[in-house]
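I have a structure I would like to understand better, so I am pasting it below and will then ask my questions one at a time.
First listed ligand is number 1; within each ligand, the first listed atom is number 1.
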Amino acid sequence: MKWLITGAGGMLGTDLREELLSRGEDVVAAAKDDLDITSHDDVIRFVEETAPQIIVNCAAYTKVDLAETEESLANAINGSAVEFLASAANRVDASLIQVSTDFVFDGSSSTPYEINAPTAPLSAYGRSKLIGEHAAARAKKHLIVRTAWLFGVHGPNFVEAIRNQIRKGTNPLRVVSDQRGRPTYTPHLARAIARVGLLGATGIVHYSDEPECTWYDFACAIHEEMGSPTAIVPVSSDQFPRPAKRPAYSVLSTERYERLTGVKPDSWRDGLREYFERRTG
Ligand SMILES: NC(=O)c1ccc[n+]([C@@H]2O[C@H](COP(=O)([O-])OP(=O)(O)OC[C@H]3O[C@@H](n4cnc5c(N)ncnc54)[C@H](OP(=O)(O)O)[C@@H]3O)[C@@H](O)[C@H]2O)c1
């Protein structure tokens, strides 16, 4: 199968490239310098020239707080550009896999979000990603993969933020304990995307690692991996006001993924161990 990855220089894009190459797939990995997805003409030309069978859009505007003041830029990258990819995919009869987020939900649920749960983003970033989902649906063959709480060695993420705080000597370290989700190691997500892509799945699928936890629980696991003496203290999110509102409950149901692939999601705890083995610097 011939794959095109856009945003291939990012945290997920880099791991997806490695996953697909390890499976012997034919991969065109386009980082932002190779293809700016906000340029309609470049997108059409690039896709026609490379003629992939599957396009995975890993390119995104991911600065969640800054998006509150840069909503039009977020919409251009996460929304309109996805429409260009969808129309390019249709021209070459390719499938479009669009990576989306738990931030399309408002977090008011108390049970895991199913794929058809009503969307109601709380933030500019979430709204831009929802525009992207609708745009991706213009591709005749499309799959929206929603995921959450990503960490991987090729980009800034929560694990690195906690690690840096611990190394700086912040003690005690206060971490929010009233937001629940499922942390997801990007190589695990990359494997899940490869699986559902090769199965030719369409529609919406959720992928997150197991099990669910709070940011506080996640920080405690990071702290344990590091064997640090720092005290981790649970606090409520109102003690950490941020420009973008986060969903309090971000747990995605992965039932459809499990039915499609016949496998359970991976464990983020295993991912965390691997993360520390790989990111030694
Ligand atoms: N990180 C999370 O916790 C999380 C959670 C749920 C869903 N997601 C979704 O998962 C996907 C991958 O996220 P990630 O964490 O891997 O993000 P990332 O590391 O920020 O990667 C995004 C990549 O897209 C590139 N990009 C930005 N604008 C572009 C443009 N106009 N054309 C082409 N490339 C462009 C970025 O380049 P520059 O850095 O040079 O701008 C970056 O390399 C995104 O769709 C994101 O919304 C992420």
message = Using a strict threshold of under 4.0 Å (side-chain N to carboxylate O), is an ion pair present between R279 and E225?
response = no

task = Report the part of D36 (side chain from C-beta onward, or backbone N, CA, C, O) that has a heavy atom under 4.0 Å from ligand 1; answer both or neither where that applies.
result = both

ask   = Is E160 paired with R163 through a side-chain N to carboxylate O contact shorter than 4.0 Å?
value = yes

inquiry  = When you measure from the side chain of H154 to the backbone of T14, do you find a donor-acceptor pair of N or O atoms at a distance under 3.5 Å?
reply    = no

task = Could you check atom 16 (O) of ligand 1 against the protein and tell me its nearest heavy-atom contact, residue, atom and distance included?
result = L12 N, 2.8 Å

message = Pairs of nitrogen or oxygen atoms closer than 3.5 Å, one from K129 and one from ligand 1: do any exist?
response = yes

G10-ligand 1 polar pair, N/O distance under 3.5 Å = yes

ask   = Tell me, which protein residue and heavy-atom name are nearest atom 37 (O) of ligand 1, and how many Å apart are they?
value = K32 CD, 3.6 Å

ask   = Is there a protein heavy atom less than 4.0 Å away from atom 39 (O) of ligand 1?
value = no

note = for atom 19 (O) of ligand 1, nearest protein heavy atom and its distance come out as M11 N, 2.9 Å

inquiry  = Using a 3.5 Å cut-off on N or O atoms only, is N57 in polar contact with ligand 1?
reply    = no

query = Quick check: are there more than 12 heavy atoms from other residues, nucleotides or ligands sitting under 6.0 Å from CG of N116?
reply = yes

ask   = Applying a strict 4.0 Å limit to heavy atoms, is F158 in contact with ligand 1?
value = no

request  = Answer yes or no: does atom CZ of R146 have more than 12 heavy-atom neighbours from other residues, nucleotides or ligands under 6.0 Å?
outcome  = yes

ask   = With backbone taken as N, CA, C and O and side chain as the heavy atoms from C-beta onward, which portion of A31 lies under 4.0 Å from ligand 1: side chain, backbone, both, or neither?
value = neither

task = Flag the pair R269 and E224 as a salt bridge only when some basic side-chain nitrogen lies within less than 4.0 angstrom of an acidic carboxylate oxygen.
result = yes

ask   = Is it the side chain, the backbone, both or neither of L35 that has a heavy atom closer than 4.0 Å to ligand 1?
value = backbone

Close-contact set for ligand 1 against G9 heavy atoms, below 4.0 Å = 43 (O)

remark   = Closest to atom 17 (O) of ligand 1 among protein heavy atoms sits T62 CG2, 3.5 Å

ask   = Under 6.0 Å between ring centres, would you say that holds for Y61 and Y125?
value = no

query = Polar-atom distance check: A148 versus ligand 1, any N or O pair below 3.5 Å?
reply = no

query = Salt bridge between E258 and K264, side-chain N to carboxylate O under 4.0 Å?
reply = yes

ask   = Does an N or O anywhere in T147 fall below 3.5 Å from an N or O of ligand 1?
value = no

message = Using a strict threshold of under 4.0 Å (side-chain N to carboxylate O), is an ion pair present between D65 and R246?
response = yes

task = Please say whether more than 12 non-hydrogen atoms of neighbouring residues, nucleotides or ligands are located less than 6.0 Å from NZ in K245.
result = no

request  = Around atom 36 (C) of ligand 1, find the nearest protein heavy atom and jot down its residue, atom name and distance.
outcome  = A60 O, 4.3 Å

ask   = Is S100 in contact with ligand 1, taking contact as a heavy-atom separation below 4.0 Å?
value = yes

message = Counting only nitrogen or oxygen atoms and a 3.5 angstrom limit, does G13 reach ligand 1?
response = no

query = What residue and atom, counting heavy atoms only, is the protein's closest point to atom 32 (N) of ligand 1, and at what distance?
reply = I37 N, 3.0 Å

message = Looking at non-hydrogen atoms alone, which of D102, V104, T38, V99 comes nearest to atom 9 (C) of ligand 1?
response = V99

inquiry  = Heavy atoms only, cut-off 4.0 Å: how does R146 contact ligand 1, side chain, backbone, both, or neither?
reply    = neither

task = For side chain to side chain donor-acceptor pair (under 3.5 Å), just list the numbers for T254 and R182, CA-CA rounded to whole Å, side-chain angles, deciding distance to a tenth of an Å, and then say yes or no.
result = CA-CA 11 Å; T254 49; R182 289 171 59 172; 3.3 Å; yes

task = Give the residue and atom name of whichever protein heavy atom lies nearest to atom 48 (C) of ligand 1, and the separation in Å to one decimal.
result = L150 CD1, 3.4 Å

task = For atom 22 (C) of ligand 1, find the nearest protein heavy atom and state the residue, atom name and distance (0.1 Å precision).
result = C58 O, 3.5 Å

request  = Specify the closest pair of heavy atoms between D34 and F46, including all atoms of both residues, with the distance to one decimal.
outcome  = O-CE1, 3.9 Å

Residues, nucleotides or ligands: over 12 heavy atoms within 6.0 Å of R180 CZ = yes

query = Going by an N to O cut-off under 4.0 Å, is there a salt bridge joining E49 and R45?
reply = no

task = For the pair D15 and R191, find out whether any cationic side-chain nitrogen is under 4.0 Å from an anionic carboxylate oxygen.
result = no

ask   = Within less than 4.0 angstrom of ligand 1, does A59 place any heavy atom?
value = yes

message = Tell me the contacting part of I77 for ligand 1: side chain, backbone, both, or neither, using a 4.0 Å heavy-atom threshold, strictly below.
response = side chain

task = Counting heavy atoms only, name the option from F103, W149, Y125 that's nearest to atom 46 (C) of ligand 1.
result = Y125

